[in-house]
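This report concerns only the one structure given below.
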Amino acid sequence: MKIKRSTLIPAALLVYLAVMSSIGWKQYASGDMSAAEYFGIIGVTLAVIVLLHFNLKRRERLRSEREADIRRNQNNNNI
């Protein structure tokens with residue numbers, strides 16, 4: 001079973017975000033970074049990842065519809 005791009009890329013980015021958040025936690029805990037900045041960056045990044053996921057799903061749906069139309073037209077031409 002092939003993993004869809006709309007799942008794989010956002011999942012990889014979520015893992016990357018988790019690693020970077022854990023690295024940045026030290027700065028937040030020491031007071032070098034405010035809570036608004038730390039959690040704001042995480043929130044904006046999550047929003048971008050979610051938007052990317054839905055955009056990739058839309059592109060996959062459009063691609064499959066286009067391929068289905070091509071197959072349908074080829075079958076009609078062969079008749």
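One is the number of the first residue; the rest follow in order along the sequence. Everything quoted here is computed from the prediction, not taken from an experiment.
Interatomic distance, CG of Asn55 versus CG of Leu51, reported as 8.5 Å (0.5 Å rounding). In this structure, the separation between CG on Leu56 and CZ on Arg59 is 6.5 Å, given to the nearest 0.5 Å. Within the model, atoms CG of Leu62 and CD of Glu67 stand 11.5 Å from one another, a figure rounded to the nearest 0.5 Å. Between the NZ atom in Lys2 and the CG atom in Leu8 there is a gap of 10.5 Å [rounded to 0.5 Å].
There is a path of hydrophobic side-chain contacts, each under 4.5 Å, that joins Met33 to Trp25. Cluster annotation: Val50 is not connected to Phe39 through the hydrophobic network of ILVMFWY side chains, with a link wherever side-chain heavy atoms come within less than 4.5 Å. Note on Tyr16 and Val48: separate hydrophobic clusters, where clusters join Ile, Leu, Val, Met, Phe, Trp and Tyr whose side-chain heavy atoms are under 4.5 Å apart, directly or indirectly. Cluster membership check: Leu52 shares its hydrophobic cluster with Leu14, using side-chain heavy-atom separations under 4.5 Å among Ile, Leu, Val, Met, Phe, Trp and Tyr.
A salt bridge links Arg72 with Asp69: the closest approach of a Lys/Arg side-chain nitrogen to an acidic carboxylate oxygen falls below 4.0 angstrom. Salt bridge annotation for Arg61-Glu65: present, with a cationic side-chain nitrogen under 4.0 angstrom from a carboxylate oxygen.
The main-chain N or O of Lys4 is never found under 3.5 Å from a side-chain atom of Glu60 such that the two would form a donor-acceptor pair. Of the possible donor and acceptor atoms, one in the side chain of His53 sits under 3.5 Å from a partner among the backbone N and O of Ser6.
Summarising the geometry of Ile41 relative to Thr45, their closest heavy-atom pair is O-OG1, 2.7 Å, with the distance given to 0.1 Å.
Ring geometry for Tyr38 versus Tyr28: interplanar angle under 30°, hence parallel rather than tilted (30 to 60°).
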